[in-house]
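All ligand and atom numbering here is 1-based and tracks the order in the structure. Quick caveat: nothing in here was measured; it's all calculated off a predicted structure.
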Amino acid sequence: MARIVVVGSINMDLVTLAPRFAGPGETLIGTRFLTIPGGKGANQAVAAARLGAHVAMVGAVGDDAFGSQLHQGLVSEGIDVTHVARIRDEGSGTASITVAGGENQIVVVPAANSRVTPAQVDAAAALFAEADVVLVQLETPLDAVEATLRLGKRAGVPVILNPAPAQRLPPEWLSMVRYLTPNQHELATVLNADPDADFRELMRRAPCPVVLTRGEEGAWFTENGEAVHQPGFKVQAVDSTGAGDTFNAALAVHLSEGLPTAVRKACATAAIAVSRLGAQGGMPRADEVTRFLETQS
Ligand code: RIB
């Protein structure tokens, strides 16, 4: 069983289903409203746990009702929450999400997530020492992300950095990353490059190995100096929220099977998630992924 540490955000997703996206100043009538646990960090933790990994999370929730629900949700997925802080006088992170036609629009208010500190990451050193893979994203403060990369390097554990939401990063940080997992826009932003540049060229320029996600087209990675394409799996898209998080979790869980297998399984796991509603609502268990792959040629 893979041991995975996730350093990242924990949000309550406030999800509205709508016939289309509203324009500026426009009011639309939606069809449904749901609150679903989310946040890129928590999503990756839950997806990895459902795939059978032993998962520990480093993050923070507020001392509000959402905080209790989010904390309990992680516990019920079997995730070690010893290093999830409960921040006094602070709300939990939220994400206001509109889903229309299988696409989404998201506005995140970090709240308690902005209180994750380098000291909190360093306090989890014993977890890092036992981990097979560490996952981190960019929804917590950058000094905590940097602490994660440095601690991962010290512990000799591979760190997967999912650079979402996109931000420019110091190149020296990337030398501490085992795999960077952006989409094309995120890769261009991280490298401060032209967003219209050819993604294969951007992958070559990155100072660390890149596994690039391309939505329904699948993913690209580099093997023995050659760019390799893993095609996506065709499904009826219902909600793409959390698809990237599911991809990252599966990549981490299956990394020990070699990169091509891990990327193939990550694409399959993310495709299943896209065919269902909600980030954590759609994440499959390991046996579902196995059955899904058996139906694919
Ligand atoms: O990646 C999807 C996640 O982004 C959502 O669950 C939302 O909380 C935002 O953090």
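The contact set between ligand 1 and E139, taken as ligand atoms under 4.0 Å from a residue heavy atom, comprises 4 (O), 9 (C), 10 (O). If you number the atoms of ligand 1 from 1 as listed, the ones under 4.0 Å from a heavy atom of D245 come out as 1 (O), 2 (C), 3 (C). Every atom of ligand 1 is numbered from 1 in the order shown, and the set under 4.0 Å from a heavy atom of A95 is 7 (C), 8 (O). Within ligand 1, counting atoms from 1 as listed, the ones closer than 4.0 Å to a heavy atom of G38 are 6 (O), 8 (O). Atoms of ligand 1 lying under 4.0 Å from any heavy atom of N43, numbered from 1 in the order shown and given with element: 2 (C), 3 (C), 5 (C), 6 (O).
Salt-bridge check for R285 with E288: failed, with every basic side-chain N at 4.0 Å or more from each acidic carboxylate O. Remark: R200 engages D198 in a salt bridge, criterion side-chain N to carboxylate O under 4.0 Å.
Taking distance alone, with nitrogen or oxygen atoms compared against 3.5 Å, G39 approaches ligand 1 more closely than that limit. Looking at ligand 1, you'll find an N or O of N11 within less than 3.5 Å of one of its N or O atoms. Between S9 and ligand 1, not a single N/O pair is under 3.5 Å apart.
Between F292 and F233, a ring centre-to-centre spacing shorter than 6.0 Å is recorded.
Looking only at heavy atoms of the protein, atom 7 (C) of ligand 1 is closest to D13 OD1, 3.3 Å. With respect to atom 4 (O) of ligand 1, the closest heavy atom belonging to the protein is K40 NZ, 3.2 Å.
The aromatic rings of H229 and W220 sit parallel, their planes meeting at an angle under 30°, below the 60° perpendicular limit.
Atom CD of E223 sits in a crowded spot, with more than 12 heavy atoms from other residues, nucleotides or ligands closer than 6.0 Å. Taking a 6.0 Å sphere around CD of E26, one finds it holds more than 12 heavy atoms contributed by other residues, nucleotides or ligands.
In this structure, CZ in R276 is found 14.5 Å from OG1 in T241, a value given to the nearest 0.5 Å.
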